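Notes follow the structure.
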Amino acid sequence: LNKPLDQIKELKTVLKNNPKYLGIHKELADAYFDNKKYKLAIKEFNKHLETNKKDVRSIYFIARAYQNLNEIPDAIDTLKAGIMTDPNYQSFYQELGLIYDKLGRYEDAITQLKKSTKVKEDSYAHGQISYIYAYRLGKVKEALKEGLLAAESNPRNPWIYSHLAGLYQ
């Protein structure tokens, strides 16, 4: 298939000819998401979840689709439901933290990002926490601590070193 929209057409044909093929909903949802057809992606991901209730990737992409539609309360609810489904899926916490940061709920953002690092040590989450402390809350000491944790988690991340240098000025 040369064009993404051709893929959607092909998948819809497969679904029409094989309505009992359960995997098609996830494939179709991915194609809709990739083509920025977020409402249709949500619909297909939900159909997929009817038979695969614990598919955290689908739950995560539903939340991302809601974000792209600027339906933030639905995105938050979906991420919280995802955490209830699998509390060890790190991306739920990270995404929720990033949403809270955009909403100006900085302490909530930090809480979720820290939960993310408890699931798996992560330079990105520590870097985001450091950024929020430094540039949203003006707490340089806390920003330095998290920045150093980010550097320890991924010593090859050039962003964190420039960020840390800026904090020392």
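Every value quoted in this text rests on a predicted model; they were computed, and no experiment measured them.
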request  = Using side-chain contact (heavy atoms from CB on, under 4.5 Å) as the criterion, list what pairs up with N52, not counting sequence neighbours.
outcome  = H48, D55
Set of side-chain contact (heavy atoms from CB on, under 4.5 Å) partners for E152, sequence neighbours left out = L149
Is [X] reaching over with its side chain to a backbone N or O of [Y], donor-acceptor style, under 3.5 angstrom?
{"X": "N35", "Y": "K37", "result": "no"}
{"X": "K120", "Y": "T117", "result": "no"}
{"X": "Y66", "Y": "Y38", "result": "no"}

Under a 4.5 Å side-chain heavy-atom rule over Ile, Leu, Val, Met, Phe, Trp and Tyr, are [X] and [Y] clustered together?
{"X": "L79", "Y": "F33", "result": "yes"}
{"X": "L40", "Y": "I62", "result": "no"}
{"X": "L137", "Y": "V140", "result": "no"}
{"X": "Y124", "Y": "L164", "result": "no"}

ask   = Centroid-to-centroid, Y100 to Y106, below 6.0 Å?
value = no
Give the minimum heavy-atom separation between [X] and [Y], together with the two atoms involved.
{"X": "K53", "Y": "I59", "value": "O-CD1, 4.0 Å"}
{"X": "T85", "Y": "K54", "value": "CG2-CA, 3.8 Å"}
{"X": "R57", "Y": "F45", "value": "NH1-CE2, 4.1 Å"}
{"X": "G82", "Y": "F92", "value": "O-CE1, 3.1 Å"}
{"X": "L113", "Y": "G97", "value": "CG-CA, 4.2 Å"}
{"X": "A65", "Y": "I42", "value": "CB-CG1, 3.6 Å"}

Do [X] and [Y] have side-chain heavy atoms sitting under 4.5 Å apart?
{"X": "S153", "Y": "I160", "result": "no"}
{"X": "E121", "Y": "H126", "result": "yes"}
{"X": "E71", "Y": "K39", "result": "yes"}

ask   = Is it true that K139 and E107 have a side-chain N and a carboxylate O under 4.0 angstrom from each other?
value = yes
query = In Å, rounded to the nearest 0.5 Å, how long is the span from CZ of F61 to NZ of K26?
reply = 9.5 Å
With Q94 via side-chain hydrogen bond (donor to acceptor under 3.5 Å, both in side chains) - residues at least two apart = S116, D122
